[in-house]
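Notes follow once the structure below has been shown.
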2 protein chains.
Amino acid sequence: MKNCSLIIKGKYVLTMDDKMSVFNDGVVAVDDDEIIAIGEKEILEKYKSEKIIDAGNSIIMPGLINTHTHAAMAYFRGLADDLPLPVWLEKHIWPAEAKYVNKNFVKKASALACLEMIKSGVTCFNDMYFFEQETASVASRIGMRALIGEVILDFHTPSCKTPKEALKKTEEMILKYKDSELISVAVAPHSIYTCSEENLSKSKELADKYSINLHIHISETEKENKDCLRDNEKSPVKYLDELGILNNKTIAAHSIWLDDEDIEIYKNRQVKISHCPISNMKLASGIMNFKKMRESGLVISLGTDGAASNNTLDLFSEMRACALLHKVNNLNPEIASATEIVKAATINGAKILGMDDKIGSLEIGKKADIITVNLNKPHLTPIYNPCSHLVYAVNLADVENVIVNGKLIMQNREVLGLDEDRILEEACKFKRN
Amino acid sequence: MKNCSLIIKGKYVLTMDDKMSVFNDGVVAVDDDEIIAIGEKEILEKYKSEKIIDAGNSIIMPGLINTHTHAAMAYFRGLADDLPLPVWLEKHIWPAEAKYVNKNFVKKASALACLEMIKSGVTCFNDMYFFEQETASVASRIGMRALIGEVILDFHTPSCKTPKEALKKTEEMILKYKDSELISVAVAPHSIYTCSEENLSKSKELADKYSINLHIHISETEKENKDCLRDNEKSPVKYLDELGILNNKTIAAHSIWLDDEDIEIYKNRQVKISHCPISNMKLASGIMNFKKMRESGLVISLGTDGAASNNTLDLFSEMRACALLHKVNNLNPEIASATEIVKAATINGAKILGMDDKIGSLEIGKKADIITVNLNKPHLTPIYNPCSHLVYAVNLADVENVIVNGKLIMQNREVLGLDEDRILEEACKFKRN
């Protein structure tokens, strides 16, 4: 019998490996940060541990990966709803950001967002906002995995007077976190309508210099496309491609208003997609061409966007919305199957962030980012197929335990080492001001 | 100080009355089955009770009303997904029903469904299935409000050899429950494609005889419309109208494939609509014309449909799906506002079932069907607008207490007088067979 640091067992182990292996009455053995064995009860004959999580009637699966969010916007959750995007943004969100967003705001609001994400089974997120050093610190302290991007804009922002300053901050973070186990850094130019060609190109240079991701919003609204066609006589995707921005390290959020040629460019450049169906539905931005993009072989992952346009950071809701939307939009219930959607929230998320060698599935040698979902609930009984339940029935409160990098960070829904009451109280206090 | 049987207090009392009154730090006083006072802390100076629920940082609101479901199908939750409707129905659901559905099945599966609905804040549901006497008994025993309809079909069903027998059973239930506080009965012919003109007319006669509701599926699929046009040279709505079936006691589930004339007929006959967006999306049946129907002044409520096509009985998910779907479908975020959607799940549900004199809002003289939603959660913090949270952020697990007809049936998420473990175990046992 070999010793290991943690053993987790439960009704179903959903690996999300290439074969979509599922182990009934399954066991995962973890040593330090790594999965060292996975299978059925035979694992218990080979490994022992002082720490055993018996999750009972549960699904044990990879942690969910949120590939596009603005964590600190959690403080603006529900600030304004049911409004046209320009009104929402210009009359509500931007003024609130100008008034409230500072280092301390981002620190506190990121703690709320991380708490919410852990409690809904998210173990890794891809962020873009201001004062991202604060978000990185919070995630790192709590023990979450994150890809961090200080947003780059042409104009003065709450965190940076100039885009040059934002690029400088980004490079500082790249160097600071180059050996971090949990934190990676992306270059994050906001979009084509808020970044000049020069700033887009400088962003790409920086990403190339360190061979890291570039995270950007692309074709989120019809207006973005129309304006680009008017000003540049080409679509945003073509515009970015001709600037040399797009490659297999580009993480493109939204990507709604793409035509066939744009999809072909994405395919040729191996652009990575973060699909945000709830935000796109709520703001009525449009419906991404999921069917065509899948048929083109593109890899699609899921993002919640910020809580101001969602209004949660819950990937279970996102999975369900994604499956339901594309079925009805194509009048075809076979599109966006449960299995495909669970992939989008796990292994595809890892692929999109360039982390699929480390996370996204439960396999020997991968990092132990693992969640357990408690099935002892009326709305999850009976169960015929774990993926079906994850997409069509599970909600965030069913997540029971969360492990990141081999470390238990939530046990029986209690987030360890965090003062949940204080984080909520701080958020309420902010709102009262 | 007057004595009353129950006092509930909490952060927000959302009345859903005509003025959409909200009381901050609100109080509701209940005596026996009735709301006798509602307001702010002044209520506490006038009323006292031995039983006080201090819900703290909560929303206190009317219980949710599920206006179209097939409760006992909870045992088929996730049995088959991501399939075209004919394959799903003919290869999976119908064979499973033929094999398994009997009196005992309906009794047990209805208990699971009622448990699930209570735990997600539903206090009243409108059901259509086989052996509905069992569903009525379960709901009544648990203390839920229900409108019960034994499904009428032209052919032999698990519960009735002939439609005549189903009509007879319906009439027996009408007489049995005529003085019931909780159980009402509807006549429930399944649809135009499963009921002859004769059976539709006999159903209507029975509904008229007792002046009760008639509950039917209308225009759920494009096929239903095409077949009706082929066979009768008119739409299902026109066909039913010419048969004299439609009036203000008709509860029409789905109503997706309606043209302008059909909507006009609904309006003239004051037909009541149960909109089931999740089921319609999941089966890719189509998108109901929410915008046009609302503009025509039609009252729209929400139904989950059965758990086999949803896969839960959760009206919070239904509210969110409804708001999101119609915004993106119309490329207009102002459609289906949070307030309008909460109405659909509460007061409109009561209107649709002809119960708005009794339930659907918190008002003096109405029956006390009340739920509390706990806001002390990361995904519900901070809060700017209660309706926004209910639609875009709350999930079923946030429901804390449930009161029906003045009686507390769930306290701190424990359903009183029900053996939850046994109900779940029975469901698992069924699935193993």
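The chains referred to below are lettered A, B, ... by the order of the sequence lines, with proteins before strands, and numbering in each begins at 1.
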Q. Are any non-hydrogen side-chain atoms of B:P382 and A:L112 less than 4.5 angstrom apart?
A. yes
Q | B:L83 side chain near A:P333 side chain, heavy-atom distance below 4.5 Å | A | no
Q) B:D421 versus chain A, heavy atoms under 4.5 Å apart: side chain, backbone, both or neither? A) neither
Q. Under a 4.5 Å heavy-atom cutoff, which of A:N395, A:N385, A:L85 has the most pairs with chain B?
A. A:N395
**Q.** Proximal component of B:L331, with respect to chain A [non-hydrogen, under 4.5 Å]
**A.** both
Q) Of the backbone (N, CA, C, O) and the side chain (C-beta and beyond), which part of A:H379 lies under 4.5 Å from a heavy atom of chain B, both, or neither? A) both
Q.
Need one label for B:N332: side chain, backbone, both or neither, based on atoms under 4.5 Å from any heavy atom in chain A.
A. backbone
Q. What part of B:A338 lies closer than 4.5 angstrom to a heavy atom of chain A: side chain, backbone, both or neither?
A. both
Q: Under 4.5 Å heavy-atom distance to chain A, tell me which part of B:L283 shows up: side chain, backbone, both or neither.
A: backbone
Q. Heavy-atom distance under 4.5 Å to chain B: side chain of A:S285, backbone, both or neither?
A. backbone
(Q) Report which part of B:A74 has an atom under 4.5 Å of a heavy atom belonging to chain A: side chain, backbone, both, or neither. (A) backbone
(Q) B:K327 vs A:D82, test: side chain to side chain contact (heavy atoms under 4.5 Å, CB included). Steps then yes/no. (A) CA-CA 9 Å; B:K327 286 174 197 302; A:D82 307 328; 2.7 Å; yes
Q | chain A contact via B:K282 - side chain, backbone, both or neither, heavy atoms under 4.5 Å | A | both
Q: Tell me, for A:L313 versus chain B, whether the close heavy atoms (under 4.5 Å) come from the side chain, the backbone, both or neither.
A: neither
Q. When only pairs under 4.5 Å are counted, which of A:A397, A:S337, A:C428 shares the most heavy-atom pairs with chain B?
A. A:S337
Q. For A:R294, does the CZ atom have more than 12 heavy-atom neighbours from other residues, nucleotides or ligands under 6.0 Å away?
A. no
Q. Near B:K119 NZ, under 6.0 Å, is it more than 12 heavy atoms from other residues, nucleotides or ligands?
A. yes
Q | Residue part contacting chain B, namely of A:N57, when any heavy atom lies under 4.5 Å | A | neither
Q: Would you mind checking which part of A:A80 comes under 4.5 Å of any heavy atom in chain B, side chain (CB onward), backbone (N, CA, C, O), both or neither?
A: neither
**Q.** Residue B:I423 versus chain A: region with a heavy atom under 4.5 Å
**A.** neither
Q | Contacting region of B:K377 [heavy-atom separation from chain A under 4.5 Å] | A | backbone
Q. What distance do B:L325 atom CG and A:I287 atom CD1 have between them, rounded to the nearest 0.5 Å?
A. 8.0 Å
Q.
Within this structure, what is the CD-OG1 distance for the pair A:E116 and B:T381, rounded to the nearest 0.5 Å?
A. 9.0 Å
Q: Against chain B, work out which of A:F76, A:Y75, A:Y392 has the most heavy-atom pairs shorter than 4.5 Å and name it.
A: A:Y392
**Q.** Residue selection (most heavy-atom pairs with chain A, distance under 4.5 Å) from B:S388, B:G286, B:P378, B:A321
**A.** B:P378
Q: Starting at NE2 of A:H389, measure out to OG1 of B:T312 and round the result to the nearest 0.5 Å.
A: 10.0 Å
Q. Counting heavy-atom pairs under 4.5 Å to chain B, which of A:L79, A:V87, A:V391 comes out on top?
A. A:L79
(Q) Tell me whether A:K431 contacts the main-chain N or O of B:I383 through its side chain, where contact means a donor paired with an acceptor under 3.5 Å. (A) yes
